[in-house]
Novice: 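Handing you this structure, nothing more for now.
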Amino acid sequence: MGFEGDEESDANQVSTRSRFRYNSPLVQVGLIGLVCFCCPGMFNALTGMGGGGQVDPTAANNANTALYTTFAVFGVLGGGIYNILGPRFTLAAGCSTYVLYAGSFLYYNHEQHQAFAIVAGAILGIGAGFLWAGEGAIMTSYPPPHRKGTYISLFWSIFNMGGVIGGLIPFVLNYNRSEAASVNDGTYIGFMCFMAAGTLLSLAILPPSKVVRDDGTRCTNIRYSKVSTEVVEICKLFLNWKMLLIAPAAWASNFFYSYQFNNVNGALFNLRTRGLNNVFYWGAQMVGSVGIGYILDFSFQSRRKRGFVGIGVVSVLGTVIWAGGLANQLGYSHEDLPSKLDFKDSGSDFAGPFVLYFSYGLLDAMFQSMVYWVIGALADDSEILSRYAGFYKGVQSAGAAIAWQVDTHKVPLLTQLIVNWSLTTVSYPLLIILVMLAVKDEQKGDEASANPASVDKDSKPV
């Protein structure tokens, strides 16, 4: 429901009084962070154990392939669906599918039939497309333009706290099962409880027309779109030169998960240690997102220069970490796996692979936060950014679908590492070109003139 007349002016004066008010970008980005803490955060913890917590990763690999195949389609469509339905319905529909996915592995723990897990994975791909398109639109359009890096790092930290807590669940529940191959039922039930809570929490997200920044400007005054409009605009994305430059980074950004989860954490460590490793992997993501967020918002006055420096820092760090991964990978293969490491019993042998896995988490957050910052710098309008975010997640998921099958078909581990390293490396110069050609330095007053604090009387609430 919109504001009218003098009531609108009074409401705006009240609504900007506190940064922690319900309709502030800070609170709304925090809420979407909590939603992702409960749903994809717990999913990440489940996936990060390697094989979905099972001794044989085949079922998880096939489920993830189905997931990312449908995600590739609905990730692209998700931005249009968000523009039609608004955030609450889009996010709630997406979150509910995570509960089903975790439940399918609870079923698999007893029946060892992977069909349910594969179908649940495909359904989750649809829901994840909805959720991440909505998340991308909120995270890139709600914050003020000069603080997008800070808000992205805030979101990433809250979201990845889900992976930290989720990593503690299998660690604690399986602590005394040092020889166990698969996690117990309580692990999956714990994940399902968090995911159900996230579904309910998503209903608290406000539409962009009701979110007011500290300076009194609104995020955007969109009229919720039509299906025909969204079909046309989504098709245009595939010819948009900005999106074509983003595509390699999008493809790379989830491609390495199957390698890191199954062939580093899953291959080198026992069950309880994998849970502990995930606590630090997702904790490293919090550190990485805060670090790159500071560089992208505060390092220089020029937004373009901040973008160049941020990409440069991530590229150098990425090269060092993947080189360390190469040194580690030369010591084993599919045919010659080492004995499983335990955080208590393996002594100094545990340290090197543990630090490497921690560093992979650090790099993941810095890389994805950097790409989200670039996307957010291309526009300020929620409708446009929801489509950009959907395109990013769609291409990302297409890459992930292929990556999980690469692992299922036992492609040599050294080859997987080299491909992952190459894909991330290729994306850096393309992002620099994009920042050079498409990102403008901020001009004071632009945002206020572009987004007046009034609400369009024809805009529809959700």
Side-chain angles (χ1 to χ4, degrees), residues 28-47 52-53 60 63-109 114-139 155 158-163 165-166 169 185-207 224 386 389-390 393-394 396-397 400-401 462:
Q28 291 298 308
V29 170
L31 281 173
I32 191 64
L34 287 173
V35 170
C36 290
F37 166 100
C38 292
C39 294
M42 294 298 152
F43 168 83
N44 284 345
L46 174 61
T47 307
N64 280 322
T65 299
L67 188 165
Y68 287 108
T69 299
T70 54
F71 195 172
V73 176
F74 283 88
V76 175
L77 297 178
I81 293 168
Y82 170 87
N83 289 339
I84 294 168
L85 298 180
R88 287 176 180 159
F89 294 139
T90 304
L91 295 172
C95 288
S96 62
T97 61
Y98 283 83
V99 185
L100 178 67
Y101 182 80
S104 72
F105 279 92
L106 177 61
Y107 171 82
Y108 186 83
N109 232 15
Q114 61 175 297
F116 183 20
I118 293 172
V119 171
I123 294 172
L124 175 56
I126 298 172
F130 292 1
L131 172 61
W132 283 105
E135 174 275 336
I138 291 167
M139 191 175 65
F155 163 81
I158 298 172
F159 158 46
N160 283 301
M161 181 59 75
I165 302 300
I169 293 174
D185 290 353
T187 303
Y188 295 119
I189 293 170
F191 286 143
M192 292 171 69
C193 290
F194 274 103
M195 292 168 175
T199 303
L200 296 176
L201 189 60
S202 67
L203 299 173
I205 301 294
L206 289 176
Y224 287 106
S386 67
K393 297 304 293 188
Q396 179 189 71
S397 301
V462 176

Novice: Atom CD1 of Ile81 and atom CZ of Phe130: how far apart are they, to the nearest 0.5 Å?
Specialist: 3.5 Å
Novice: So Leu100 and Leu124, do their side chains get closer than 4.5 Å, heavy atoms only?
Specialist: no
Novice: Counting heavy atoms not belonging to Met192, are there more than 12 under 6.0 Å from its CE?
Specialist: yes
Novice: As an exercise, state the distance from CD1 of Ile205 to CD of Glu135, rounded to the nearest 0.5 Å.
Specialist: 10.5 Å
Novice: Hey, are the side chains of Phe116 and Tyr108 touching, using non-hydrogen atoms and a 4.5 Å cut-off?
Specialist: no
Novice: Closest heavy-atom contact between Ala204 and Leu31?
Specialist: O-CD1, 3.9 Å
Novice: If you take all heavy atoms of Ala45 and Gly163, which pair is closest and at what distance?
Specialist: CB-O, 3.9 Å
Novice: Enter the distance from Asn83:CG to Thr90:OG1 here, rounded to the nearest 0.5 Å.
Specialist: 8.5 Å
Novice: Donor-acceptor check, side chain of Ser96 to backbone of Ala93, threshold 3.5 angstrom: yes or no?
Specialist: yes
Novice: Would you say the side chain of Leu131 lies within less than 4.5 Å of the side chain of Val35, judging by non-hydrogen atoms?
Specialist: yes
Novice: Answer yes or no: is there a side-chain heavy-atom contact under 4.5 Å between Asn64 and Tyr101?
Specialist: yes
Novice: Out of curiosity, Leu77 CG to Ile126 CD1, how far, rounded to the nearest 0.5 Å?
Specialist: 10.0 Å
Novice: Could you tell me if the side chain of Met195 sits less than 4.5 Å from the side chain of Phe43, heavy atoms only?
Specialist: yes
Novice: So, does Ser104 use its side chain to make a donor-acceptor pair with the main chain of Ala120 at under 3.5 Å?
Specialist: no
Novice: With rounding to the nearest 0.5 angstrom, report the CZ to OG distance, Phe74 to Ser397.
Specialist: 12.0 Å
Novice: Quick check: do Tyr98 and Met42 have side-chain heavy atoms less than 4.5 Å from each other?
Specialist: no
Novice: Can you check whether Leu34 reaches Phe159 side chain to side chain, under 4.5 Å on heavy atoms?
Specialist: no
Novice: Closest heavy-atom contact between Cys95 and Ser202?
Specialist: SG-CB, 4.2 Å
Novice: Tell me, do Asn109 and Tyr188 make a side-chain contact under 4.5 Å, heavy atoms counted?
Specialist: yes
